[in-house]
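No experiment lies behind these values; they were computed from the predicted model shown. FYI, the numbering just counts along the sequence from 1.
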Amino acid sequence: MPVSVGRRLEKELDGDATPSSRNELLFLVKEVSRRCGRAKVEDLLSRRDYSSSELAERLRRDGYSDVLVEELVTRALECGLVNDARYGAAFARSKVACGWGRVKIERELERRGVPVSSVEGWPEEFFSEDEERERARLLASRRRVTGKNDYEKTVRFLVGRGYGYALSSEVARDILRGED
């Protein structure tokens with residue numbers, strides 16, 4: 001039982017309103033859990049957008065039952081408070097602006113429970129080959145060249161940022177040749 005549910009239950013049971021049977025107590029616990037769960041969903045979504053699986057994981061981590069988590073997430077999806085396609089598009093746009101490559105964004109979206117197929121316009125709207133090459137070139141040109149394993153370090157850096165190996169290799173060669 002989540003701590004917030006226990007505290008609210010303690011307040012509601014304080015005084016003369018004690019349940020007369022076990023069933024009445026279980027019903028009260030269920031209702032208080034539902035109210036606290038709704039409040040938690042509202043609180044979380046007021047701060048930032050969540051994918052449905054992120055929201056479910058967060059509620060489970062706080063101690064809500066799987067049945068209640070499913071109910072709360074389903075309701076949030078039905079109301080439009082949670083929308084995986086909207087979340088995925090916003091996430092992808094923000095990471096493109098940060099210089100992430102296509103592969104890394106796809107991996108991170110999958111990890112967050114958002115299939116890239118649900119993101120409208122993926123990847124055409126988010127990437128063009130020239131823009132991706134230019135972003136990779138800009139990132140690689142900021143790297144300090146030491147004279148030792150520069151090609152390998154640059155390729156590893158770009159691949160780690162989510163750019164494909166072929167593009168990373170080509171950009172690293174161009175940068176090290178001085179074709180900035």
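- Taking 4.5 Å as the limit, some side-chain heavy atom of Leu55 sits within range of a side-chain heavy atom of Leu44.
- In this view, Asp43 and Arg47 satisfy the salt bridge (charged side-chain N to carboxylate O under 4.0 Å, His left out) rule, not counting sequence neighbours.
- Taken from CD1 in Ile105 to SG in Cys98, the straight-line distance is 9.0 Å, to the nearest 0.5 Å.
- Scanning for salt bridge (charged side-chain N to carboxylate O under 4.0 Å, His left out) contacts around Asp49 gives Arg86, with sequence neighbours left out.
- Inter-residue side-chain proximity for Leu72 and Leu59 is flagged as met; some heavy-atom pair is nearer than 4.5 Å.
- The closest side-chain heavy-atom distance from Arg35 to Val32 is below 4.5 Å.
- Applying the side chain to side chain donor-acceptor pair (under 3.5 Å) test to pairs two or more places apart or on separate chains, those with a residue in residues 56-66 are Ser4-Tyr64, Lys40-Asp62, Tyr50-Arg58, Arg60-Asp66.
- Residues Glu110 and Val116 come closest through the heavy atom pair OE2-N, 3.4 Å.
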Do Arg177 and Asp174 pass the side chain to side chain contact (heavy atoms under 4.5 Å, CB included) test, and can you show the C-alpha distance, the side-chain angles, and the key distance before you say yes or no? CA-CA 5 Å; Arg177 280 191 217 131; Asp174 292 348; 3.6 Å; yes

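- By the side-chain contact (heavy atoms from CB on, under 4.5 Å) test, Arg111 is found to be paired with Glu108, residues two or more places apart in sequence or in another chain being considered.
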Steps toward side chain to side chain contact (heavy atoms under 4.5 Å, CB included) verdict (Glu54, Arg48): CA-CA 12 Å; Glu54 275 184 318; Arg48 74 170 182 93; 3.7 Å; yes

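- With hydrogens and angles disregarded, no donor-acceptor distance shorter than 3.5 Å links the side chain of Ser51 to the backbone of Gly113.
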Apply side-chain hydrogen bond (donor to acceptor under 3.5 Å, both in side chains) to residues Arg173 and Ser169 and explain how you reach the verdict. CA-CA 6 Å; Arg173 268 191 243 108; Ser169 179; 2.7 Å; yes

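- Nearest heavy atom pair, residue Leu139 against residue Gly99, reads CD1-O, 3.4 Å.
- Val73 is connected to Leu45 through a chain of hydrophobic side-chain contacts under 4.5 Å among Ile, Leu, Val, Met, Phe, Trp and Tyr, so both are in one cluster.
- In this structure the side chain of Trp100 never reaches within 4.5 angstrom of the side chain of Arg135, judged on heavy atoms.
- Taken from CZ in Arg144 to CG in Asp150, the straight-line distance is 9.5 Å, to the nearest 0.5 Å.
- One distance of note links CZ of Arg143 with CD1 of Ile175; it measures 11.5 Å at 0.5 Å rounding.
- Under a hydrophobic clustering in which Ile, Leu, Val, Met, Phe, Trp and Tyr are joined whenever their side-chain heavy atoms come within less than 4.5 Å, directly or via other members, Leu176 and Tyr165 fall into the same cluster.
- None of Ser53, Ser118, Ser52 except one satisfies the side chain to side chain donor-acceptor pair (under 3.5 Å) rule with Asp84; the exception is Ser52.
- Note: Arg7 CZ to Cys36 SG = 11.0 Å, rounded to the nearest 0.5 Å.
- The shortest non-hydrogen separation linking Gly88 to Val114 is CA-CG1, 4.1 Å.
- Checked against salt bridge (charged side-chain N to carboxylate O under 4.0 Å, His left out), Glu132 has the following partners two or more places apart in sequence or in another chain: Arg102.
- Under the 4.5 Å side-chain heavy-atom criterion for Ile, Leu, Val, Met, Phe, Trp and Tyr, Leu77 and Leu68 are members of the same hydrophobic cluster.
- Remark: Arg38 CZ to Ser33 OG distance equals 11.0 Å, nearest 0.5 Å.
- Remark: Phe126 pairs with Trp122 by the ring-ring contact (aromatic ring centres under 6.0 Å, His included) rule, at least two apart or across chains.
- Remark: Arg133 does not engage Asp130 in a salt bridge, criterion side-chain N to carboxylate O under 4.0 Å.
- The shortest side-chain heavy-atom distance between Val155 and Tyr151 falls under the 4.5 Å cut-off.
- Annotation: the span from Thr154 atom OG1 to Glu152 atom CD amounts to 9.0 Å, rounded to 0.5 Å.
- Under the 4.5 Å side-chain criterion, counting only non-hydrogen atoms from C-beta, Glu70 is not in contact with Val67.
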